[in-house]
Amino acid sequence: MRKAVNMATPTPITIPTEPIGSIPRPLDLIERVARGDSEDPDLAPLYEDAIRDTIERFEATGSPVVTDGEQRKYHNFATYCVHGLPNTAPDGFKIAFSDGHTRRMSRLTRGPFRYRRYADCYLDVALRYAHVPVKQAVISPSALSLMYPAERIPDYSREQFIDDLLSEHEIEIRRCLKKGAHKVQVDFTEGRLAVKIDPSGHLLNSFIDLNNLALSRFSPEERRRIGVHTCPGSDLDSTHSADVDYAELLPSLLELKAGNFYIALAGEQDRRHALTIIRKYLKPDQRVFVGVIAPIDPHIETPEEVRDRVVEASEYIPIEQLGTTDDCGFSPFSDDTSTSRDTAFAKIQARVLGTTLAGTLIGAHQ
Ligand SMILES: [Zn+2]
């Protein structure tokens, strides 16, 4: 009896959908940056054009939430806040990708540790152009903790460094929240990488503990606007830790005191394996945005493919705790031209359309 009444009015469900962050920069900007100083004031109009065009094209996909495409992060998702600091050297932690290439972080040479810029400076510009909510990605304390050298710095202990790091990270998130970021997403790509580097799990646990020290500084209400992104890395169509079983990562990941999780899933070999783990460890106050688009796959997903991935995820995750996203940014390192802007926006449009299709389908069956 009750079921018959409910079936009389099928209502489409709105499933939240958000990007991760980066969009490939326009080729002329990449070439100009490669030729000279990225902070050359002559480049300012080119950056401004790139941001304006990115937001315009983002909004044209129908995406309810946009980013500035990280057109101006110097020069990747991880080190924008410390780029240009006088107390750093370029020979820091090395990230090895599966195709053999590496990316390198900078190394701290002396204290004290301070950010050179906070990510809300990007938000300032994006908000001038956007007509829909804008989210902002920031780098995690655990990634920046890799800047402190193993041999230690005289007169600046690791403990002092961690204190300064947590303060800077907290300031950055608070500034983004205050300026009205729809969400602040903490990029935690080194989570899965940590298991690859240290299969015992100690490194991952130390990263989780550190990031939880930061997240604990925020109220439950603030944490509803804070999320954490995990992925196996995505650069030059290659990954750094896709061979790490999600069973080694996800239970710890979901211990993080964040309200939202952006989990790469589209590119996984066995999505149901990952979804089974998420179902087991997900807490009632957490929302999971599952990746339904694989940025390193040149194939542009169809809306129907996306719809099917969302429906699959909804078999494991309560619909009120489900969202969709891309597996990663489309160019986390700013010089990556392996994906074109056209392809990135076509994939984003498929995510938006497919998520709507899924909401309609799931709504009709409830
Ligand atoms: Zn990512």
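These numbers were taken from a predicted model, which means no experiment stands behind them. Indexing begins at 1, ligand by ligand and atom by atom, following the structure's order.
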Cut-off under 2.8 Å, centre the Zn ion (ligand 1), protein N/O/S atoms: His229 NE2, Cys231 SG, Cys328 SG

NZ/NE/NH1/NH2 to OD/OE distance under 4.0 Å, Glu70 and Arg25: no

Backbone N/O of Ile153 and side chain of Arg110: donor-acceptor pair under 3.5 Å: no

Salt-bridge present (Glu305, Arg309; N to O < 4.0 Å): no

Glu172 and Arg217 ion-paired at < 4.0 Å: no

Partners meeting salt bridge (charged side-chain N to carboxylate O under 4.0 Å, His left out) with Arg279 (sequence neighbours left out): none

Residues His83, Asn76; criterion side-chain hydrogen bond (donor to acceptor under 3.5 Å, both in side chains); working and verdict: CA-CA 10 Å; His83 179 84; Asn76 58 63; over 6 Å; no

